[in-house]
Protein chains: 2
Amino acid sequence: MTRGRHRHPLLLEALQAGEVVVEELAERFGVSASTIRRDLQQLASEKTIRRTYGGAVIAHPLPETSLPEREAQARPEKAAIARAAIGLLSDDDILVLDGGSTVATFGAGLIGGAGRPGRRHAIITNNLPLVGVLAGAPGLALTVLGGAVRPGSMSTMGPLAEASLRRLTADKAVVSGDGFVAGRGLCEAAIEQVSLKSLMMEQAAEVVVLMDSSKLGRATQGAWAPLPRRWTLVTDAGATQAQCAEAEEAGARVVRAGS
Amino acid sequence: MTRGRHRHPLLLEALQAGEVVVEELAERFGVSASTIRRDLQQLASEKTIRRTYGGAVIAHPLPETSLPEREAQARPEKAAIARAAIGLLSDDDILVLDGGSTVATFGAGLIGGAGRPGRRHAIITNNLPLVGVLAGAPGLALTVLGGAVRPGSMSTMGPLAEASLRRLTADKAVVSGDGFVAGRGLCEAAIEQVSLKSLMMEQAAEVVVLMDSSKLGRATQGAWAPLPRRWTLVTDAGATQAQCAEAEEAGARVVRAGS
DNA sequence: CTCCCTTTGCGTGGATCGCGCAATATGTGC
DNA sequence: GCACATATTGCGCGATCCACGCAAAGGGAG
């Protein structure tokens with residue numbers, strides 16, 4: 001049995017999933033409902049959680065894990081990855097850009113013909129925050145993929161997005177993912193994301209995957225997007241030799257940013 | 001005594017301040033605790049609020065600036081027009097929303113089931129600033145029309161947007177324009193805008209035009225979008241009798257906000 | 001005016017909460 | 001090892017709150 005305050009962190013972990021009821025918690029931790037109630041009472045007094053009738057929820061539901069927050073979070077690695085990926089581009093490339101903050105950081109680096117002036121990229125993306133950044137930038141023709149808005153990631157997806165994308169092709173697809181495993185590909189939370197991401201890779205002549213080293217070799221989600229025979233992985237200097245070897249085995253040309 | 005659902009918006013207003021208890025609400029509205037409980041039960045089933053022991057709190061604490069702030073920020077005429085237009089909606093309407101700041105003000109007013117909770121609007125729009133405002137709002141299903149981004153107005157248009165829209169229909173189209181002249185319709189700067197706007201009106205069962213009185217009877221641009229046989233004009237109290245008569249002559253039902 | 005629907009208030013049964021008390025487990029000093 | 005102080009836990013009790021059913025009052029349509 002978990003005793004005393006040692007139970008509080010576990011309690012919070014259980015609360016992350018959403019609302020939980022007292023009885024369920026009591027059974028899971030092998031204690032009485034009174035004890036759970038006392039724990040919740042204390043956490044509620046600290047404004048950590050909020051009691052409901054028969055249960056409790058997180059008081060501050062990780063305030064939207066907002067995109068600015070995410071960008072500030074792993075900024076150095078992502079910025080290095082973005083810079084390295086921009087170096088892979090050719091002039092006048094037509095690019096299709098995936099959702100996610102890593103790709104958004106990359107896209108923001110394209111402003112002002114970054115690196116070499118005279119570039120005239122065409123951008124096709126479902127990355128809504130990126131649209132606000134790139135709109136009106138000189139030398140960039142911006143096309144948005146329509147569809148249903150997924151609030152958490154601020155990207156579009158669904159049949160409408162795929163139907164639009166089928167009418168377009170690109171020189172390079174720049175995508176990210178929640179994880180990567182050789183033989184499976186990229187993993188995502190939802191099948192809709194995978195479907196659109198796969199189509200992006202199909203419609204582009206080359207595929208560039210931006211992924212920091214913490215995600216390599218990890219299967220954090222259950223929906224998988226297979227990778228093409230040849231692709232390019234841009235990751236950070238923290239990638240281990242084994243991680244790079246796994247990617248190369250899966251057909252990747254590996255670029256380690258900042259190394 | 002405030003009767004029926006007319007109490008829900010006031011209830012939400014009271015909830016904005018934080019947590020409130022049932023007894024307090026019952027006393028404030030002059031009804032029994034049972035009635036308050038029923039109201040809260042309904043709002044909770046719509047995920048608008050969350051019940052606590054003896055009270056309730058807002059479920060999604062408006063991550064953006066609050067609605068009154070936005071309305072105060074917008075020009076008074078636009079805010080009044082937006083409020084009046086929201087009053088024209090039915091529950092569960094599917095809405096297609098045009099670009100432009102007037103329509104964006106209207107759209108922002110839909111947050112939190114403004115007016116009457118329980119609404120479950122589906123929103124189809126090419127209005128990119130509005131997407132950032134509405135994303136994740138409870139009770140709203142958001143679909144973006146893809147296409148080329150027009151930086152000046154932050155809206156999408158072009159063949160991709162029209163092809164997407166052809167697959168969708170709506171109960172009401174809410175559009176704006178740079179000007180209006182009876183017999184011609186709405187005028188815009190570019191033919192691409194007109195093309196998409198016309199399609200929006202064709203795909204919707206009803207057409208609502210939001211336009212402040214300064215634009216009525218003025219031909220400021222050269223591209224024209226014809227209006228359907230019957231439509232609704234929502235304008236501000238500054239509209240003259242002649243302006244309203246011109247609109248009615250063109251088949252409009254005229255709503256003057258704030259009059 | 002009548003009929004029908006909605007909304008409201010109240011009572012009842014069930015569930016939850018908070019608190020006090022006693023028993024047990026944990027930690028500490030000698 | 002032993003005794004004592006403290007913390008944690010389980011249980012019972014009264015009080016509060018919630019959900020449901022029922023009857024009455026208010027509005028709208030024909």
Side-chain angles (χ1 to χ4, degrees), chain A residues 1-60, chain B residues 1-60 86-93 112-120 138-139 253:
Chain A
M1 184 198 327
T2 317
R3 283 186 56 81
R5 338 190 93 84
H6 306 304
R7 202 172 37 246
H8 287 197
L10 300 174
L11 218 42
L12 287 175
E13 186 179 345
L15 269 288
Q16 295 288 353
E19 184 166 0
V20 191
V21 295
V22 170
E23 281 300 333
E24 190 177 324
L25 291 171
E27 184 178 358
R28 181 185 310 188
F29 291 99
V31 296
S32 74
S34 297
T35 303
I36 295 296
R37 254 186 276 273
R38 262 187 288 255
D39 289 337
L40 298 180
Q41 192 173 23
Q42 184 171 352
L43 290 173
S45 71
E46 299 164 1
K47 309 288 187 216
T48 308
I49 66 169
R50 187 179 288 280
R51 289 302 313 274
T52 62
Y53 188 85
V57 292
I58 299 280
H60 307 286
Chain B
M1 185 197 320
T2 318
R3 284 183 56 80
R5 354 182 84 88
H6 306 305
R7 201 172 39 247
H8 287 198
L10 300 175
L11 219 41
L12 287 175
E13 187 178 345
L15 270 287
Q16 296 288 354
E19 184 167 359
V20 271
V21 294
V22 170
E23 281 300 335
E24 190 178 324
L25 291 171
E27 184 178 357
R28 181 185 309 188
F29 290 99
V31 297
S32 73
S34 296
T35 302
I36 295 295
R37 253 187 277 274
R38 262 187 286 254
D39 289 338
L40 297 181
Q41 191 173 26
Q42 184 172 352
L43 291 173
S45 72
E46 299 160 2
K47 303 281 191 282
T48 307
I49 66 169
R50 188 179 287 281
R51 290 301 314 274
T52 63
Y53 186 87
V57 291
I58 299 276
H60 305 281
I86 287 173
L88 300 177
L89 301 182
S90 307
D91 291 353
D92 306 335
D93 264 349
R116 300 212 301 246
R119 290 179 166 177
R120 287 265 184 282
R253 175 170 64 113

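Protein chains get the first letters and strands the later ones, always in sequence-line order, with residue 1 at the start of each. Computed over heavy atoms, backbone and side chain alike; hydrogens, waters and symmetry mates excluded.
In this structure, B:Arg253 and B:Leu88 have side chains that are in contact, with non-hydrogen atoms separated by less than 4.5 Å.
Closest of all the heavy-atom pairs between B:Leu40 and B:Val22 is CD1-CG2, 4.0 Å. For the pair B:Gly55 and B:Arg51, the tightest heavy-atom approach, listed with the atom from each and the gap, is O-NE, 2.9 Å.
Shown here are the salt bridge (Lys or Arg N to Asp or Glu O under 4.0 Å) partners of B:Arg28, two or more places apart in sequence or in another chain: B:Glu24. A:Ser32 pairs by the side chain to side chain donor-acceptor pair (under 3.5 Å) definition with A:Thr35, not counting sequence neighbours. Shown here are the salt bridge (Lys or Arg N to Asp or Glu O under 4.0 Å) partners of A:Arg50, two or more places apart in sequence or in another chain: B:Glu19.
From B:Gln41, atom CD reaches atom CD1 of B:Ile49 across 10.0 Å, with rounding to the nearest 0.5 Å.
Between C:dG18, C:dG9, D:dG10, one nucleotide has an atom nearer to the side chain of A:Gln41 than all others, and that is C:dG18. Comparing D:dA19, D:dC11, C:dG9 against the side chain of A:Arg38 picks out D:dC11 as the nearest.
Rounded to a whole Å, the CZ atom of A:Arg51 is 14 Å from the C1' atom of D:dT16. Atom CG in B:Leu40 sits roughly 16 Å away from atom C1' in C:dT7 (whole-Å rounding). The nearest whole Å value for the distance from the CZ atom in A:Phe29 to the P atom in D:dG10 is 13 Å. Across the protein-nucleic acid pair, A:Glu23 atom CD and D:dG10 atom P stand 12 Å apart, rounded to whole Å. Distance A:Ile36 CD1 to D:dG10 C1': 13 Å, rounded to the nearest Å. Distance CD (A:Glu27) to P (D:dG10): 14 Å, rounded to an integer number of Å. Between the CD atom of B:Gln42 and the P atom of C:dT8 there is a distance of 10 Å, rounded to whole Å.
For D:dC11, neither phosphate oxygen OP1 nor OP2 lies less than 4.0 angstrom from any side-chain nitrogen or oxygen of A:Ser34.
Toward the 5' end of DNA chain D, the nearer of the two residues B:Val22 and A:Thr35, judged by each one's closest nucleotide, is A:Thr35.
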Within the sub-3.5 Å range, which N or O atoms of nucleotides 13-15 of chain C have a protein N or O partner, and how far apart are they?
residue : atom : partner : partner atom : Å
C:dA15  : N3   : A:Tyr53 : OH           : 3.4

